[in-house]
Amino acid sequence: MASAAAAAAAPSKPEVLALLRSLLRTAREFHDYNVREYTKRRVLDGFRLSKGLADPSAIAAAFADGKSQLEVARRQAVVYSLYAPEVKSVMEVQR
């Protein structure tokens, strides 16, 4: 009975993909190159690590953690946009 309740709480594949897209979209909002690339790298690494999860309760926990990380990233993107540097990074300067 408990496993059926845990399986019902596990997110579907479209929900997981939507979370991934939302996290990557939020990462694009950072103005600083280093923060933006770090956020993208963390998102992709986190999803790669969670790819092998089979236990529905572990999947649900990882999904909930991802949702909380999305909220943190959104708040941080707003704060970073308030204090965005006026000079671009060397990585962003086009010749």
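Values below: all heavy atoms of this structure, side chains included; hydrogens, waters and symmetry mates excluded.
Applying the side chain to side chain donor-acceptor pair (under 3.5 Å) test to Arg28 and every residue at least two apart in sequence or in another chain returns nothing. With sequence neighbours excluded, no residue satisfies salt bridge (Lys or Arg N to Asp or Glu O under 4.0 Å) with Lys67.
To the nearest 0.5 Å, atom OG of residue Ser81 and atom CG of residue Asp32 are 12.5 Å apart. Note that the CG atom of Leu70 and the CG atom of Asp65 stand 11.5 Å from one another [nearest 0.5 Å]. With rounding to the nearest 0.5 angstrom, the CZ atom of Arg36 is 9.0 Å from the NE2 atom of His31. Residue Thr26 holds its OG1 atom at 12.0 Å from CD of Gln76, rounded to the nearest 0.5 Å.
The shortest distance between side-chain heavy atoms of Glu29 and Tyr80 does not fall below 4.5 Å. Between Val79 and Arg75 there is no side-chain heavy-atom pair separated by less than 4.5 Å.
Across every non-hydrogen atom of Pro56 and Ala10, the tightest pair is O-CB, 4.0 Å. The two residues Ala27 and Lys40 make their nearest non-hydrogen contact at CB-CG, 3.6 Å. The two residues Ala62 and Ser50 have their closest heavy-atom pair at CB-OG, 4.1 Å.
Formation of a donor-acceptor pair under 3.5 Å by the Glu15 side chain with backbone atoms of Ser12 is found in this model.
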>> Walk me through whether Phe30 and Glu37 qualify under side chain to side chain contact (heavy atoms under 4.5 Å, CB included).
In response: CA-CA 9 Å; Phe30 287 102; Glu37 292 302 313; over 6 Å; no
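Screening Val43, Leu49, Leu44 for a side chain to side chain contact (heavy atoms under 4.5 Å, CB included) involving Phe47 leaves a single residue, Val43.
A salt bridge links Asp45 to Arg48: at least one charged side-chain nitrogen sits closer than 4.0 Å to a carboxylate oxygen.
When hydrophobic clusters are built by joining Ile, Leu, Val, Met, Phe, Trp and Tyr residues whose side-chain heavy atoms come closer than 4.5 Å, directly or via intermediates, Leu53 is not grouped with Val16. Using a 4.5 Å cut-off between side-chain heavy atoms of Ile, Leu, Val, Met, Phe, Trp and Tyr, with links allowed through other members, Tyr38 and Leu24 fall into different hydrophobic clusters.
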